[in-house]
Amino acid sequence: MAKSTDFPEGFAHYPLYFSPEEQTALIDAVKAATQTAPFFQPRMPRTGAPLSVVMSNFGTLGWVTDKEAGYRYEPTHPITGAPWPPLPDLLTKLWREVADWPDLPEACLINWYRAEGGKDGAKMGMHVDSDELAVNAPVVSISLGDPAMFRIGGPKRGGPTQGVKLMSGDVVVLAGAARRCHHAVSKVYYGESALVPKGGRLNLTMRRVNV
DNA sequence: AAGTGGCG
DNA sequence: CAGT
C-alpha cells in the first residue's frame, strides 16, 4: 500500500533554498534578460493552441514551440533571432550544488505564469520533459513569486498524482525515475506575493540537452 | 494534447 | 498534497 507521501524516486524539494535577496537578484536577472529576449507566446504543434504561460530562456539553447515545428531547442530567440542571454552565475552555482551531473545545463526556460493567462490564470498541464537527448540529466526548477501547486504522477498519463505547494525561493529537482514522470502546475495562488513585477509566478527550469 | 472550459 |  503506497503512502500519500511517496513521491517518485529522484524527486527532491528544497524549501526556501534562496534567500529573499537572492530571489530579488534572480527576478532582476529575468527582467534584464527579457529586455533583449522578450517573452513570447508558445503554441502547440499542429493545432497552434497557445499555452497559457509566456516564455523566454537563458543559456546557449532555449526551449521553443510553435504550430509549424513543435517542441524543440533553438540557439536563438524565435522573434528577434538573437542568441539567448547567458545563464546567471547564481543558477550555474545552484546546478553545481544540487544536480549531481558532470555537465552544465545548456538551457534555462523562463516560464511566467500570469493571472491574465486564462480563466484561473496561467497553468501547465500534465507532461513529461522529453525533448532532451540527455534523458537522464536532472531537471532543476526554481520558483519565484506567487505560490503554486506542483503535481507529479507516474511514467504514464492518467494515474494517481502527488501534490506539493511550491513557495517563492523553493527549488525542485527531478532526477532518476522522477525525471521520466508526468508533472504539472495545477494551480497558482495569484496575488499572494509582490516579488514579481506585474505579478504572478516565475519558474526557471534548467536542463541539460545534449549528451 | 507542455490546450481550454464547463459540468457534476 | 488525488476529481473526472
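The chains referred to below are lettered A, B, ... by the order of the sequence lines, with proteins before strands, and numbering in each begins at 1.
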Decide whether a cation-pi geometry holds between A:Lys165 and A:Tyr189; the criteria are a distance under 6.0 Å from NZ or CZ to the six-membered ring centre and an angle within 45° of the ring axis.
yes
With rounding to whole Å, what would you report as the distance between C:dA2 and B:dG6 at their P atoms?
23 Å
Can you identify which nucleotide, out of [options], has its nearest atom closest to the [X] side chain?
X	options	value
A:Trp63	B:dA2, C:dC1, C:dA2	B:dA2
A:Tyr71	B:dA2, C:dA2, B:dG3	B:dA2
A:Arg207	C:dC1, B:dA2, B:dG3	B:dA2

For A:Lys119 and for A:His183, locate the closest nucleotide of DNA chain B by heavy-atom distance; then report the residue assigned to the nucleotide nearer the 5' terminus.
A:His183
Using the ring-ring contact (aromatic ring centres under 6.0 Å, His included) rule, take A:His127 and A:His183 through it: C-alpha gap first, then chi angles, then the decisive distance, then the call.
CA-CA 6 Å; A:His127 69 282; A:His183 55 277; 4.4 Å; yes
Whole-Å gap separating C1' (C:dC1) and CZ (A:Phe7):
6 Å
Nearest whole Å is fine: how far is B:dA1 P from A:Met126 CE?
13 Å
Any donor-acceptor N or O pair under 3.5 Å, side chains A:Asp131, A:Trp63:
yes
Using only side-chain N and O atoms of A:Ser52, determine if any of them is under 4.0 Å from OP1 or OP2 of B:dT4.
yes
Less than 4.0 Å between a side-chain N and a carboxylate O, is that true for A:Arg179 and A:Glu132?
yes
